[in-house]
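This report refers to the structure that appears directly beneath it.
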Amino acid sequence: MTDLWKLTAHEAHEGLRSKQFTAVELTDSVLARIEAVEPRINAYITTTADLALQQAREADEKYAAGAATPLTGIPVGVKDLIVTKGVRTTAGSKILENFVPPYDSHVYEQLRRAGAVMVGKTNMDEFAMGSSTEHSAYGATRNPWNQEMVPGGSSGGSAAAVAAGECLVALGSDTGGSIRQPAALCGVAGMDPTYGRVSRFGIIAFGSSLDQVGPLARDVEDMATMLDCISGHDPRDSTSNPEPTPDLRHYLDRDINGMRIGVPREYFIAGMEQGVADRIEESLKLLESMGCVIDRDLSLPSTEHALAVYYLIAPSEASANLARYDGVKYGYSYREGESMWENMEQTRGRGFGAEVKRRIMLGTYALSAGYYDAYYLKAQKVRTLIHREFEDAFKRYDLLVTPTSPTVAFPVGAKLDDPYAMYLNDIYTLPSAVAGLPAVSVPCGESDGLPVGLQFIGDFFQEGKLIQAAHAFERAFGQANRLPEVAAP
Ligand code: GLN
């Protein structure tokens, strides 16, 4: 069988189970696809063909022994801030260029246990700071739909790899939108789970009160399967929630008749492209025709402060988290200086890129004595207000629906000199992240030939409801697993 890389994970699982092809054949097909399109896309920082083939052989044994799970033998991409034992993990930074972790993250351990096949570590903005995957020390990733455009970020490598057929599913991380925004810009599905749903043991930290790992996939069913695999309590992460995870696949194929959906007014602002506005409007009509009760009379007035709150809290936490990269313990180390201090300064000065330095400076400033109350503490208070407004809304609605991003994919380089314009691209994904709520993005059509994403935001631990709505929408919309042509280089 040819073109196995075009299959969704659930289709591939069926094919493996019924012996139409082997996991080695499936992996070979994906590896060949990587070879063909990677020069144009640059979705990976490191590819792991040998490891993948070895894991594929083990997967075939599991199928033969009747011990397969839905992810056994499925080629996955893993964002390069997810620590993998023996496989270089860079977080997109030069400072971790040679870092080979001595242990596995919880999420990768779960994937391995399920029998998944890791084909590589995906490209990302350095330390997950960015919205375009241009802030990577390993070159920018390109959008599979149009290589002059960015794939979004920071999990742009994962989103592009899924869309380009360089893996079937992938893991990303979302601090303020880094799964949902690239999913939207690359035309795939992505979920930021509830804060605490997925263990961060072995995840390179950016903003610890915000970071969460989640799936990117070609359809909602695969997204549910991935989240099922990685979620659940892990005592090694003190923020991991003991709440039992329901079987998310159980929420597939349910109708959404009578579901109450709030559409917050504040998300329809100047700066949203007309093509995006049109697709969202059509999506709301479709949801209405499916029996959802759509209420546009919802106001979340603190929404406008989410960007400021995020850009105080995330950089503050980043400045603390990134203090560990001092050239002493691991990673890049400058040794030519005359003193320890000079070495440390040079290590950080040479190891970090411009955006990371900007965040460290912002965060250090916001946390410094005399400014702490005015910035960090104030931001935390407004964060509580944002959270409370969502809490009130979920007394009346099952879910909220918004656009995922105000724009479609933008040209490479367009926002690089204007950090504020770059930050604004996350305007719709930041509020739920600040509140710790789960949210998904699903494709809802295109504008100017580029994908548009629809966002559903849920209440705490309501991933089931999100899967239910996203799956029903995807089926009614009828464009799951739509793949771009990526011309040969
Ligand atoms: N784009 C946002 C930022 O630059 C969000 C990134 C993320 O979610 N990791 O911080």
Side-chain angles (χ1 to χ4, degrees), residues 79-82 91-93 122-136 140-141 150-159 170-186 190-195 198 200 203-216 306-319 321-322 352-363 366 379 383 404-407 409-410 414-416 418-441 453 455 457:
K79 187 175 184 179
D80 209 21
L81 53 54
I82 297 172
S93 183
T122 58
N123 201 1
M124 55 182 285
D125 287 297
E126 185 177 3
F127 287 103
M129 298 172 190
S131 312
S132 66
T133 317
E134 291 167 292
H135 298 306
S136 164
T141 297
V150 302
S154 66
S155 311
S158 294
L171 287 182
S173 71
D174 198 306
T175 304
S178 274
I179 291 174
R180 294 161 286 157
Q181 185 259 14
L185 270 46
C186 289
M191 179 184 292
D192 177 17
T194 309
Y195 183 77
V198 180
R200 284 104 45 90
I203 305 304
I204 294 176
F206 164 12
S208 300
S209 75
L210 296 150
D211 297 342
Q212 196 58 196
V213 175
L216 294 104
L307 186 94
V309 166
Y310 175 86
Y311 277 99
L312 284 166
I313 294 176
S316 296
E317 295 178 356
S319 72
N321 274 325
L322 271 55
F352 289 136
E355 182 60 26
V356 171
K357 287 180 188 162
R358 180 180 294 127
R359 307 279 179 115
I360 292 174
M361 285 189 271
L362 277 172
R383 181 181 201 175
T404 307
S405 165
T407 70
F410 45 89
K415 296 184 202 274
L416 261 186
D418 186 353
Y420 188 59
M422 189 74 93
Y423 298 173
L424 273 173
N425 215 258
D426 295 309
I427 193 96
Y428 299 144
T429 50
L430 293 172
S432 66
V434 163
L437 297 166
V440 302
S441 179
Q455 177 172 240
I457 303 173

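Counting starts at 1 for both ligands and their atoms, in listed order.
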Any nitrogen or oxygen of G130 lying under 3.5 Å from a nitrogen or oxygen in ligand 1? Just yes or no. yes
Geometry only, no angles: is G177 polar-contacting ligand 1 at N/O separations under 3.5 Å? yes
For the pair Y310 and T175, evaluate side-chain contact (heavy atoms from CB on, under 4.5 Å) and give the outcome as yes or no after the intermediate values. CA-CA 9 Å; Y310 175 86; T175 304; 3.6 Å; yes
Using 0.5 Å steps for rounding, measure from the CG atom of L437 to the CD1 atom of I457. 7.5 Å
Classify the ring geometry between Y423 and Y311 as parallel (under 30°), tilted (30 to 60°) or perpendicular (over 60°). parallel
Need the ligand 1 atom indices (1-based, order shown) with element for anything under 4.0 Å from a heavy-atom of Y311. 2 (C), 3 (C), 4 (O), 10 (O)
If you count the atoms of ligand 1 from 1 in the order shown, which ones are under 4.0 Å from a heavy atom of M129? 4 (O)
Decide whether S155 and D174 meet the rule of one side-chain donor and one side-chain acceptor closer than 3.5 Å. no
Decide yes or no for T429 and Q455: does some side-chain heavy atom of the first lie under 4.5 Å from some side-chain heavy atom of the second? yes
Measuring only between side-chain heavy atoms, which start at C-beta, is K415 closer than 4.5 Å to S131? no
Identity and separation of the nearest protein heavy atom to atom 6 (C) of ligand 1: S178 OG, 2.8 Å
Nearest 0.5 angstrom please: N123 CG to S136 OG, how far? 3.5 Å
May I have the step-by-step check of side-chain contact (heavy atoms from CB on, under 4.5 Å) for S432 and R180, ending in yes or no? CA-CA 11 Å; S432 66; R180 294 161 286 157; 3.0 Å; yes
Which atoms from ligand 1 have a heavy atom of S154 less than 4.0 Å away? 9 (N)
Backbone or side chain, does any N or O of D174 fall under 3.5 Å from an N or O of ligand 1? no
Only heavy atoms of F206, strictly under 4.0 Å: list the atoms of ligand 1 that pass. 9 (N), 10 (O)
Quick test: of every protein heavy atom, which one is nearest to atom 10 (O) of ligand 1, and how far off is it to 0.1 Å? Y310 OH, 2.7 Å
Taking distance alone, with no angle check, do G153 and ligand 1 share an N/O pair under 3.5 Å? no
Which of the numbered atoms in ligand 1 are under 4.0 angstrom from any heavy atom belonging to A128? 6 (C), 7 (C), 9 (N)
For atom 1 (N) of ligand 1, the protein heavy atom that lies nearest, with its residue and separation: D426 OD2, 2.5 Å
Can you report which non-hydrogen protein atom sits closest to atom 4 (O) of ligand 1, along with the distance? R359 NH2, 2.7 Å
Answer yes if the side chains of S209 and E317 hold a donor-acceptor pair under 3.5 Å, and no otherwise. yes
